[in-house]
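Please read these numbers as outputs of a predicted model, since none were measured by experiment. Indexing begins at 1, ligand by ligand and atom by atom, following the structure's order.
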Amino acid sequence: MNDARHIHNLTLVGFMGVGKSTVGRIAAEQLRLNFVDTDALIESRLGMSVADIFEREGEAAFRQYERQEVAQLAGQRGLVIAAGGGLVMDPANLASLKSHSLVVCLWAAPETIWERVRDQSHRPLLRAPDPQAKIREMLAARAPAYHQADVLIGSDLRSVKEVAQHVVQHFILKSKQ
Ligand code: S3P
(Lines give C-alpha, C1' and ligand atoms only; values in the text may rest on other atoms or scores of the structure.)
Protein backbone atom coordinates (compact mmCIF):
# COMPACT_ATOMS: atom_id res chain seq x y z
CA MET A 1 0.00 0.00 0.00
CA ASN A 2 1.09 3.53 -0.78
CA ASP A 3 2.41 5.13 2.43
CA ALA A 4 1.11 8.52 1.31
CA ARG A 5 -2.45 7.35 1.71
CA HIS A 6 -4.43 8.78 4.59
CA ILE A 7 -6.98 6.28 5.74
CA HIS A 8 -9.85 8.04 7.47
CA ASN A 9 -12.63 5.62 6.56
CA LEU A 10 -13.35 1.97 5.93
CA THR A 11 -15.27 0.91 2.81
CA LEU A 12 -16.81 -2.48 2.22
CA VAL A 13 -17.31 -3.54 -1.37
CA GLY A 14 -18.44 -6.79 -2.97
CA PHE A 15 -21.38 -8.48 -4.60
CA MET A 16 -24.99 -8.24 -3.43
CA GLY A 17 -25.65 -10.51 -0.48
CA VAL A 18 -22.07 -10.88 0.77
CA GLY A 19 -22.96 -9.11 4.03
CA LYS A 20 -21.54 -5.61 3.53
CA SER A 21 -24.26 -3.85 5.53
CA THR A 22 -24.45 -6.36 8.37
CA VAL A 23 -20.67 -6.64 8.70
CA GLY A 24 -20.33 -2.87 8.26
CA ARG A 25 -22.69 -2.14 11.15
CA ILE A 26 -20.83 -4.51 13.48
CA ALA A 27 -17.42 -3.11 12.44
CA ALA A 28 -18.64 0.47 12.87
CA GLU A 29 -19.83 -0.27 16.39
CA GLN A 30 -16.54 -1.91 17.34
CA LEU A 31 -14.44 0.86 15.82
CA ARG A 32 -16.76 3.59 17.12
CA LEU A 33 -17.23 4.96 13.62
CA ASN A 34 -20.46 5.95 11.87
CA PHE A 35 -22.04 3.51 9.47
CA VAL A 36 -23.40 4.61 6.09
CA ASP A 37 -24.74 2.62 3.17
CA THR A 38 -24.62 4.19 -0.31
CA ASP A 39 -27.99 2.67 -1.30
CA ALA A 40 -29.60 4.16 1.82
CA LEU A 41 -27.95 7.55 1.19
CA ILE A 42 -29.36 7.61 -2.35
CA GLU A 43 -32.78 6.44 -1.19
CA SER A 44 -33.03 9.13 1.47
CA ARG A 45 -31.75 11.84 -0.89
CA LEU A 46 -34.28 10.96 -3.59
CA GLY A 47 -37.08 9.75 -1.33
CA MET A 48 -37.35 6.62 -3.50
CA SER A 49 -36.27 3.02 -3.15
CA VAL A 50 -33.41 1.68 -5.27
CA ALA A 51 -35.92 -0.58 -7.04
CA ASP A 52 -38.10 2.44 -7.91
CA ILE A 53 -35.09 4.41 -9.16
CA PHE A 54 -34.15 1.55 -11.48
CA GLU A 55 -37.74 1.25 -12.68
CA ARG A 56 -38.49 4.94 -13.19
CA GLU A 57 -35.11 6.37 -14.17
CA GLY A 58 -33.05 3.35 -15.26
CA GLU A 59 -29.71 1.93 -14.17
CA ALA A 60 -27.60 4.68 -15.77
CA ALA A 61 -29.34 7.31 -13.61
CA PHE A 62 -28.78 5.18 -10.50
CA ARG A 63 -25.05 4.87 -11.34
CA GLN A 64 -24.89 8.65 -11.63
CA TYR A 65 -26.43 9.00 -8.14
CA GLU A 66 -23.79 6.56 -6.87
CA ARG A 67 -21.02 8.72 -8.34
CA GLN A 68 -22.46 11.76 -6.58
CA GLU A 69 -22.50 9.93 -3.23
CA VAL A 70 -18.93 8.75 -3.72
CA ALA A 71 -17.84 12.35 -4.35
CA GLN A 72 -19.63 13.50 -1.17
CA LEU A 73 -17.99 10.78 0.91
CA ALA A 74 -14.50 11.84 -0.15
CA GLY A 75 -14.68 14.82 2.18
CA GLN A 76 -15.76 12.89 5.25
CA ARG A 77 -13.99 11.09 8.08
CA GLY A 78 -14.75 8.41 10.62
CA LEU A 79 -17.08 6.36 8.45
CA VAL A 80 -17.69 2.73 7.68
CA ILE A 81 -19.18 2.78 4.18
CA ALA A 82 -21.11 -0.14 2.69
CA ALA A 83 -20.92 0.39 -1.08
CA GLY A 84 -23.64 -0.85 -3.42
CA GLY A 85 -22.51 -4.00 -5.24
CA GLY A 86 -22.03 -2.36 -8.64
CA LEU A 87 -20.43 0.86 -7.47
CA VAL A 88 -16.79 -0.15 -7.92
CA MET A 89 -17.40 -1.15 -11.52
CA ASP A 90 -16.59 2.49 -12.22
CA PRO A 91 -12.81 2.68 -11.67
CA ALA A 92 -13.11 6.37 -10.76
CA ASN A 93 -15.37 5.42 -7.82
CA LEU A 94 -12.85 2.87 -6.59
CA ALA A 95 -9.97 5.33 -6.95
CA SER A 96 -11.90 7.95 -4.99
CA LEU A 97 -12.77 5.50 -2.21
CA LYS A 98 -9.15 4.31 -2.03
CA SER A 99 -7.94 7.88 -1.62
CA HIS A 100 -9.51 8.10 1.85
CA SER A 101 -10.54 4.55 2.85
CA LEU A 102 -9.22 1.12 3.41
CA VAL A 103 -11.26 -0.77 0.80
CA VAL A 104 -12.18 -4.26 1.92
CA CYS A 105 -13.95 -6.66 -0.43
CA LEU A 106 -16.18 -9.36 1.02
CA TRP A 107 -16.25 -12.36 -1.23
CA ALA A 108 -18.62 -15.32 -1.45
CA ALA A 109 -19.27 -18.13 -3.92
CA PRO A 110 -22.30 -17.77 -6.22
CA GLU A 111 -24.09 -20.60 -4.36
CA THR A 112 -23.66 -18.83 -1.00
CA ILE A 113 -24.88 -15.56 -2.48
CA TRP A 114 -27.95 -17.28 -3.91
CA GLU A 115 -28.79 -18.83 -0.53
CA ARG A 116 -28.56 -15.40 1.08
CA VAL A 117 -30.59 -13.43 -1.49
CA ARG A 118 -33.16 -15.97 -2.69
CA ASP A 119 -35.85 -14.81 -0.25
CA GLN A 120 -35.22 -11.09 -0.84
CA SER A 121 -36.92 -9.13 -3.58
CA HIS A 122 -35.54 -5.60 -3.37
CA ARG A 123 -32.65 -6.02 -5.81
CA PRO A 124 -33.76 -5.14 -9.35
CA LEU A 125 -30.73 -6.77 -11.02
CA LEU A 126 -31.62 -10.16 -9.58
CA ARG A 127 -35.19 -10.08 -10.88
CA ALA A 128 -34.19 -12.33 -13.75
CA PRO A 129 -35.72 -15.52 -15.16
CA ASP A 130 -32.69 -17.48 -13.91
CA PRO A 131 -31.26 -15.50 -10.96
CA GLN A 132 -28.63 -18.13 -10.15
CA ALA A 133 -27.19 -17.90 -13.67
CA LYS A 134 -27.34 -14.10 -13.43
CA ILE A 135 -25.37 -14.17 -10.17
CA ARG A 136 -22.68 -16.43 -11.68
CA GLU A 137 -22.41 -14.29 -14.79
CA MET A 138 -22.31 -10.94 -12.95
CA LEU A 139 -19.88 -12.19 -10.31
CA ALA A 140 -17.47 -13.44 -13.00
CA ALA A 141 -17.72 -10.12 -14.84
CA ARG A 142 -17.16 -8.11 -11.67
CA ALA A 143 -14.43 -10.24 -10.08
CA PRO A 144 -11.55 -8.21 -11.64
CA ALA A 145 -12.97 -4.98 -10.16
CA TYR A 146 -13.57 -6.53 -6.72
CA HIS A 147 -10.02 -7.87 -6.70
CA GLN A 148 -8.71 -4.30 -6.87
CA ALA A 149 -9.69 -3.85 -3.20
CA ASP A 150 -6.93 -3.50 -0.61
CA VAL A 151 -8.08 -6.59 1.27
CA LEU A 152 -10.16 -9.58 0.20
CA ILE A 153 -12.05 -11.55 2.86
CA GLY A 154 -13.94 -14.76 2.18
CA SER A 155 -17.33 -14.92 3.87
CA ASP A 156 -18.50 -18.39 2.83
CA LEU A 157 -17.35 -20.27 5.89
CA ARG A 158 -17.37 -17.47 8.43
CA SER A 159 -20.12 -15.96 10.54
CA VAL A 160 -20.81 -12.24 10.10
CA LYS A 161 -19.15 -11.66 13.49
CA GLU A 162 -15.98 -13.44 12.35
CA VAL A 163 -15.92 -11.52 9.08
CA ALA A 164 -16.41 -8.26 11.01
CA GLN A 165 -13.52 -9.23 13.31
CA HIS A 166 -11.19 -9.69 10.32
CA VAL A 167 -12.33 -6.39 8.83
CA VAL A 168 -11.73 -4.55 12.11
CA GLN A 169 -8.25 -6.07 12.52
CA HIS A 170 -7.23 -5.06 9.00
CA PHE A 171 -8.52 -1.54 9.55
CA ILE A 172 -6.72 -1.08 12.88
CA LEU A 173 -3.47 -2.26 11.33
CA LYS A 174 -3.70 -0.18 8.15
CA SER A 175 -5.07 3.01 9.66
CA LYS A 176 -2.05 3.14 12.02
CA GLN A 177 0.52 2.97 9.21
C1 S3P B 1 -26.43 -3.44 -7.04
C2 S3P B 1 -26.36 -3.73 -5.71
C3 S3P B 1 -27.31 -3.19 -4.72
C4 S3P B 1 -27.88 -1.86 -5.22
C5 S3P B 1 -28.48 -2.03 -6.58
C6 S3P B 1 -27.43 -2.50 -7.61
C7 S3P B 1 -25.44 -4.05 -7.97
O8 S3P B 1 -26.65 -2.97 -3.48
O9 S3P B 1 -26.90 -0.87 -5.24
O10 S3P B 1 -29.55 -2.93 -6.49
O11 S3P B 1 -25.29 -3.57 -9.10
O12 S3P B 1 -24.77 -5.02 -7.54
P13 S3P B 1 -26.22 -4.18 -2.47
O14 S3P B 1 -24.92 -4.72 -2.97
O15 S3P B 1 -26.08 -3.47 -1.17
O16 S3P B 1 -27.31 -5.17 -2.49
query = Any N/O of Val50 closer than 3.5 Å to an N/O of ligand 1?
reply = no
inquiry  = Considering both backbone and side-chain atoms of Gly85, is one of its nitrogen or oxygen atoms within less than 3.5 Å of a nitrogen or oxygen in ligand 1?
reply    = yes
Could you tell me the residue and atom name of the protein heavy atom closest to [atom], and the distance to it rounded to 0.1 Å?
atom	result
atom 14 (O) of ligand 1	Lys20 NZ, 2.5 Å
atom 12 (O) of ligand 1	Arg142 NH1, 2.6 Å
atom 9 (O) of ligand 1	Asp39 OD1, 2.7 Å
atom 16 (O) of ligand 1	Arg123 NE, 2.6 Å

Any Arg63 heavy atom less than 4.0 Å from ligand 1 = yes
ask   = Of all the heavy atoms in Met89, does at least one lie under 4.0 Å from an atom in ligand 1?
value = no
key: Under-4.0 Å heavy-atom contact with ligand 1, by part of Leu125 that carries it   = side chain
remark   = At under 4.0 Å between heavy atoms, what of Arg127 touches ligand 1? The answer is neither
ask   = Any chance CZ of Arg45 has more than 12 other-residue heavy atoms, nucleotides or ligands included, within less than 6.0 Å?
value = yes
Within a distance under 4.0 Å of any heavy atom of [X], pick out the atoms of ligand 1 and give their elements.
X	result
Gly84	8 (O), 9 (O), 14 (O)
Pro124	10 (O)
Phe62	9 (O)

Are [X] and [Y] packed together at the side-chain level, in the sense that at least one heavy-atom pair is separated by less than 4.5 angstrom?
X	Y	value
Leu10	His170	no
Arg158	Ile153	yes
Val50	Ile42	no
His8	Gln76	no
Phe171	Val80	no

ask   = Thinking salt bridges, do Asp150 and Lys174 make one under a 4.0 Å N-O criterion?
value = no
key: Salt bridge Glu66-Arg63, side-chain N to carboxylate O under 4.0 Å   = yes
ask   = Donor-acceptor pair, Tyr146 side chain versus Gly85 backbone, under 3.5 Å?
value = yes
